[in-house]
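Index from 1, following the sequence.
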Amino acid sequence: MLRILDARTGEPVPAAPARRGLTRIEAHASGLDPTDLRVLLTADLLVRALELGGTPVWTILTAPHRLAELRTAATALAIRPFEDGRDLASGLGDAQAIHVVAGDGGPVPGPGPVASVAPVVWTGEPGPPAADGTRSGATPADSGAGRDTVPGVPPGAPPTPPRLPLPDLLADPAALRLALLSVPRGEPVHLDRAGLDRAAQRLTHWRRAVAAWARRPSRPVPEEVRVRLRAAWEDDLDLPAVLEVLRDVESAPGVPDGARFETYVYADRLLALDLPRDLGTLA
């Protein structure tokens, strides 16, 4: 059974106490930035994990600002569509609910456990200068000039961390998704270009490996591997542990290539990294 750490109580709780009962996943986003996308990604992973366990799920997005742009970015990141929270159907109001919020998301309306998501921080070089001469994502105060006279910025406030424009982060959405999956959701994600490049290289390697394994006779996912995978994602969505299982299967002696292939395809039902993308492309 999938269990998540409830931010309301600090205790692990079943994500869906009634396993076959309809479960409502409510993602609460405050705007349009990588942390908001991580909130939606976490909700997407909850949906996939619950569905793999046979639980029906209904997903809702509450976002007061830039909803259309947020939906477009989420689609690029292979996040399934959400219903609009403003169109909440009263007939489903009694469904068990899970709320997904950023760590500083404030009070959450309604009952149900809360899955808190740590922020995403860009630690690399900032984006190109904007029209006003500031770096993308920065305020005029970040340049240091006239900081004490900038409205809303208190004297002596630290500079805003550099940010890469979201379109640049989504240039390779699968690499971004893998980079986000590689960090426990309760820990901040520190992104830079080198990290995104490593994620892209890992994806390229795995996709080529999956395409090569597909040419071998199919074999079932080894039972011990299936147990490890499910134990990982049912433990508060421990996606780094899921990725570790895949790395182990890739190099484990005695595992037939056909079983490696089926393992990666099975895990991709949760990861949504399009690992079989290169099937048929190898000579």
Side-chain angles (χ1 to χ4, degrees), residues 2 4-8 13-120 166-167 169-170 173-174 176-181 185-186 189 233 236-237 239 268-274:
L2 173 61
I4 61 170
L5 186 65
D6 183 3
R8 294 187 196 267
V13 297
R19 184 182 174 205
R20 301 291 179 179
L22 178 64
T23 300
R24 186 173 70 247
I25 308 294
E26 298 191 28
H28 301 263
S30 59
L32 178 66
D33 66 21
T35 299
D36 291 304
L37 282 182
R38 194 183 190 195
V39 168
L40 269 62
L41 174 61
T42 301
D44 180 66
L45 293 167
L46 275 170
V47 170
R48 294 173 185 272
L50 287 170
E51 288 182 343
L52 282 169
T55 297
V57 184
W58 181 47
T59 56
I60 299 171
L61 172 59
T62 299
H65 308 293
R66 308 180 72 177
L67 178 59
E69 295 167 278
L70 187 60
R71 288 186 183 278
T72 299
T75 299
L77 207 57
I79 294 171
R80 295 179 180 178
F82 292 80
E83 299 284 348
D84 191 335
R86 294 171 297 186
D87 299 331
L88 182 65
S90 59
L92 296 176
D94 292 335
Q96 52 195 356
I98 306 171
H99 302 271
V100 186
V101 302
D104 56 354
V108 176
V114 174
S116 179
V117 177
V120 179
L166 200 57
L169 275 176
L170 290 170
L176 176 59
R177 185 175 176 110
L178 177 56
L180 296 176
L181 295 180
R185 67 174 175 84
V189 178
W233 75 59
D236 198 30
L237 289 177
L239 275 300
D268 203 45
R269 294 171 62 188
L270 175 72
L271 301 174
L273 294 171
D274 200 10

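- With Asp268 contributing its side chain and Leu271 its backbone, the two residues share no donor-acceptor pair below 3.5 Å.
- The nearest pair of heavy atoms linking Thr35 to Ala118 is CG2-O, 4.4 Å.
- By the 4.5 Å heavy-atom criterion applied to side chains, Leu70 and Leu40 are counted as neighbours.
- Sorted by first and then second residue, the ring pair (Phe, Tyr, Trp, His ring centres under 6.0 Å) pairs involving residues 22-51 (not counting sequence neighbours) are His28-His99.
- Side-chain contact between Leu46 and Ile4: present, with at least one pair of heavy atoms (C-beta onward) separated by less than 4.5 Å.
- Side-chain contact between Leu61 and Asp84: absent, with no pair of heavy atoms (C-beta onward) separated by less than 4.5 Å.
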Next item on the list: Please report the C-alpha distance between Thr72 and Thr75 in whole Å, then the side-chain angles of each, then the deciding distance to 0.1 Å, and finally whether the side-chain contact (heavy atoms from CB on, under 4.5 Å) criterion is met.
Entry: CA-CA 5 Å; Thr72 299; Thr75 299; 5.8 Å; no
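- The salt bridge (Lys or Arg N to Asp or Glu O under 4.0 Å) search around Arg66 returns Glu69, not counting sequence neighbours.
- In terms of heavy-atom proximity, Ala27 sits nearest to Val39 at CB-CG1, 4.3 Å.
- Here the side chains of Ile25 and Ile60 are not in contact, with every heavy-atom distance at 4.5 Å or above.
- Using a 4.5 Å heavy-atom cutoff, the side chains of Trp233 and Leu45 are not in contact.
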Margin query: Using the rule given for side-chain contact (heavy atoms from CB on, under 4.5 Å), can you reason through Val117 versus Val101, listing the C-alpha separation, both sets of side-chain angles and the distance that settles it, and then say yes or no?
Written below: CA-CA 6 Å; Val117 177; Val101 302; over 6 Å; no
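- With Thr23 contributing its side chain and Ala16 its backbone, the two residues share no donor-acceptor pair below 3.5 Å.
- Residues Pro34 and Leu169 approach most closely at CG-CD1, 3.4 Å, considering heavy atoms.
- Residues Gly103 and Ser116 share a closest heavy-atom pair of CA-OG, 3.2 Å.
- By the 4.5 Å heavy-atom criterion applied to side chains, Leu181 and Leu41 are counted as neighbours.
- A distance of 11.0 Å separates CG in Leu237 from CG in Leu5, rounded to the nearest 0.5 Å.
- Considering CG of Leu32 and CG of Leu67, their distance stands at 10.5 Å, rounded to 0.5 Å.
- Residues Val189 and Ala179 approach most closely at CG1-O, 4.4 Å, considering heavy atoms.
- Atom OG1 of Thr62 is separated from atom CZ of Phe82 by 10.5 Å, given to the nearest 0.5 angstrom.
- Looking at Leu239 and Leu270, their side chains come closer than 4.5 Å, going by heavy atoms from C-beta outward.
- Between Asp6 and the options Ile98, Asp236, Val13, a side-chain contact (heavy atoms from CB on, under 4.5 Å) holds for only Val13.
- Under a 3.5 Å cut-off, the side chain of Arg24 and the backbone N or O of Val57 do not form any donor-acceptor pair.
- Under a cut-off of 6.0 angstrom, the local environment of CZ in Arg8 is crowded, with over 12 non-hydrogen atoms contributed by other residues, nucleotides or ligands.
- Looking at Thr42, Leu180, Val100 one by one, the single match for side-chain contact (heavy atoms from CB on, under 4.5 Å) with Arg185 turns out to be Thr42.
- Using a 4.5 Å cut-off on side-chain heavy atoms (C-beta onward), Trp58 and Leu22 make contact.
- Atoms CZ and CG, on Arg177 and Asp274 in that order, are 11.0 Å from each other to the nearest 0.5 Å.
- Within the structure, salt bridge (Lys or Arg N to Asp or Glu O under 4.0 Å) contacts touching residues 45-62 (residues at least two apart or in different chains) are Asp44-Arg48, Glu51-Arg80.
- In terms of heavy-atom proximity, Pro111 sits nearest to Ala97 at O-CB, 4.0 Å.
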